[in-house]
Amino acid sequence: MDRYLVLNGPNLNLLGTRNPAVYGTTTLSDLDDACRDWAASLGVEVDTAQSNHEGALIDLLHQARLTHAGVVLNAGAYTHTSYAIHDAIEAISIPTMEVHISNVVERDAWRQISVLGPACVGAIYGRGVDGYRWALRHLVHRQEWPVEVMRYADHPDATIDVRRPRDDPPHAAVIFVHGGFWRHMWTKDTMEGIAIDLARRGYLTANIEYRRVGTGGGWPATLDDVAGAISHVAALEDVDRFAVIGHSAGAQLAMMAADVVDVAFLPVALGGILDMTAAVREGLDAGAVAAFLGETPPEDASPLTASVGPALVVHGSADDRVPVSHSRTFAASNPQVEYLELADVGHFEFLERSSTAWNHVVNHLAQRFGV
């Protein structure tokens with residue numbers, strides 16, 4: 001069984017009491033216990049360690065290269081100053097994920113610079129202590145099924161993680177558009193588990209990144225990115241048919257892309273934001289919709305007003321992030337929509353490949369594409 005190291009740096013021993021408004025009330029002991037539970041759910045094990053001393057952190061990294069498959073590292077303020085830790089990460093040659101509890105990108109200017117980032121395989125920030133779970137997931141997923149990274153434009157976020165099935169082409173493809181209310185702290189890592197699941201089942205999967213609010217995104221730039229990524233995948237020689245699965249805000253983008261991309265595909269919405277006027281009125285995620293739209297009237301970016309043909313819409317009746325009324329209204333407006341409402345399902349179950357909610361989507365795709 002693979003083992004991973006969760007390594008915390010200076011001042012993180014004071015979690016729970018140090019500035020709870022920024023770092024929360026979870027203690028380091030609670031976090032260590034949670035990491036062990038998260039690892040067990042992923043079928044791996046973790047060791048945890050913390051030090052306030054740069055040299056001790058470097059020693060622990062050196063030891064990890066012989067015993068661990070990867071490292072989740074919150075180096076605290078050393079993130080912004082320690083080239084010695086940067087060099088240690090490079091030297092150990094095992095994947096290291098940088099993680100921060102707070103949204104460092106929107107704090108002090110000095111916190112926005114990471115000297116560790118170039119040596120790490122990725123960074124997760126602004127998701128609270130749950131960011132450690134996402135970081136562990138990413139490391140496990142990297143180990144489980146490596147990706148081929150493609151680019152579809154020249155900005156930093158224009159990447160696609162492609163996983164090819166092991167059978168001969170041509171392939172049915174599934175493109176994933178992640179959610180996160182278009183905010184920059186949420187990335188394509190959230191869709192990796194279900195992308196791997198479909199690759200195992202014989203689909204070519206393409207997990208796309210795009211500019212979000214805070215990284216040059218917003219309306220309509222974000223839709224332009226998604227449309228460009230879809231067109232790029234559609235042009236691959238080994239793809240002959242495909243679906244685009246969007247979760248939450250990604251569902252809004254998937255449905256709007258169906259109106260602007262010059263190639264036919266099946267758009268699939270999972271817990272989708274499909275009524276932008278209602279989303280503004282409801283103030284979803286503390287005004288995230290208004291921040292994404294800027295000066296654009298919500299109806300101009302709403303799937304309700306787009307030209308969308310056959311589509312699959314799935315929503316959980318217990319979704320507490322995006323009201324199920326979004327999907328009900330959208331399905332009622334389009335007779336070509338197949339609508340599935342799942343009792344007692346919330347917002348994030350669709351991202352878990354072992355869930356009943358995700359299995360419903362898999363079964364529909366199998367009926368549609370024969371894979």
Phe369-His171 aromatic ring centre distance below 6.0 Å: no
Polar contact flag, side-chain donor to acceptor under 3.5 angstrom, Glu192-Trp145: no
From CA spacing to verdict: ring-ring contact (aromatic ring centres under 6.0 Å, His included), Tyr210, His178: CA-CA 9 Å; Tyr210 53 85; His178 71 82; 4.6 Å; yes
Tyr132 and Asn8 side chains, donor-acceptor separation under 3.5 Å: yes
More than 12 heavy atoms of other groups within 6.0 Å of Asn363 CG: yes
Flag if over 12 foreign heavy atoms under 6.0 Å of CG, Asp262: no
Shared hydrophobic cluster, Ile160 / Val263 (ILVMFWY, side-chain heavy atoms < 4.5 Å): yes
Pair Phe292-Arg212, side chain to side chain contact (heavy atoms under 4.5 Å, CB included): steps then yes or no: CA-CA 8 Å; Phe292 170 66; Arg212 284 96 57 217; over 6 Å; no
Residues Asp130 and Arg133 bridged, charged N to O under 4.0 Å: yes
Shared hydrophobic cluster for Tyr203 and Leu236 (ILVMFWY, side-chain gaps under 4.5 Å): no
Steps toward side chain to side chain donor-acceptor pair (under 3.5 Å) verdict (Ser317, Glu341): CA-CA 6 Å; Ser317 65; Glu341 186 170 312; 5.1 Å; no
Residues Asp319 and His347: side-chain donor-acceptor under 3.5 angstrom: yes
Test log, rule side chain to side chain contact (heavy atoms under 4.5 Å, CB included), inputs Ile175 and Ile245: CA-CA 6 Å; Ile175 300 171; Ile245 296 179; over 6 Å; no
Any side-chain donor near an acceptor of the partner, Thr27 and Asp30, under 3.5 Å: yes
Validation row: Asp161, Val149 side chains within 4.5 angstrom (heavy atoms): yes
Geometric class of the Phe348/His247 ring pair [parallel <30°, tilted 30-60°, perpendicular >60°]: tilted
Side-chain H-bond candidate by donor/acceptor type, Glu209 with Thr159, under 3.5 Å: no
Co-membership, hydrophobic cluster, residues Ile273 and Val213, 4.5 Å side-chain: yes
All ring-ring contact (aromatic ring centres under 6.0 Å, His included) counterparts of Phe265, not counting sequence neighbours: Phe242
Audit row: Arg107, Ser102, side chain to side chain donor-acceptor pair (under 3.5 Å) steps and yes/no: CA-CA 9 Å; Arg107 295 183 66 191; Ser102 69; 2.9 Å; yes
Donor-acceptor side-chain pairing of Ser114 and Glu98 below 3.5 angstrom: yes
Short side-chain donor-acceptor distance under 3.5 Å, Thr215 and Asp157: yes
Closest heavy-atom pair and its distance - Val71, Ala64: CG2-CB, 4.1 Å
Electrostatic pair Asp189:Arg137 at N-O distance under 4.0 angstrom: no
Polar side chain donor-acceptor pair, Glu282 to His326, under 3.5 angstrom: yes
Full working for side chain to side chain contact (heavy atoms under 4.5 Å, CB included) between Val177 and Met255: CA-CA 11 Å; Val177 189; Met255 291 297 173; over 6 Å; no
Lys/Arg N to Asp/Glu carboxylate O, Arg353 vs Glu144, below 4.0 Å: yes
Shared hydrophobic cluster for Val104 and Leu15 (ILVMFWY, side-chain gaps under 4.5 Å): yes
Would you mind writing out the side-chain donor-acceptor pairs for residues 221-235 within the sub-3.5 Å range, not counting sequence neighbours?
from, atom 1, to, atom 2, distance (Å)
Thr222, OG1, Arg211, O, 2.8
Thr222, OG1, Gly218, N, 2.9
Thr222, OG1, Gly218, O, 3.3
Asp225, OD1, His155, NE2, 3.2
Asp225, OD1, Arg211, NE, 3.4
Asp225, OD1, Arg211, NH2, 2.8
Asp225, OD2, His155, NE2, 3.3
Asp225, OD2, Arg211, N, 2.9
Asp225, OD2, Arg211, NE, 2.8
Ser231, OG, Ala227, O, 3.1

Shared hydrophobic cluster, Val324 / Phe350 (ILVMFWY, side-chain heavy atoms < 4.5 Å): no
Residues Asp33 and Arg36 bridged, charged N to O under 4.0 Å: yes
Arg201 NZ/CZ over Trp358 ring centroid, <6.0 Å and within 45° of normal: no
Test item: side-chain donor near acceptor, His184 and Glu106, under 3.5 Å: yes
Leu136/Leu42 under side chain to side chain contact (heavy atoms under 4.5 Å, CB included): CA gap, chis, key distance, verdict: CA-CA 9 Å; Leu136 273 171; Leu42 292 165; 4.1 Å; yes
Residue His62 excluded, over 12 heavy atoms near NE2 under 6.0 Å: yes
Exercise: identify the closest heavy-atom pair between His86 and Leu116: N-CD2, 3.5 Å
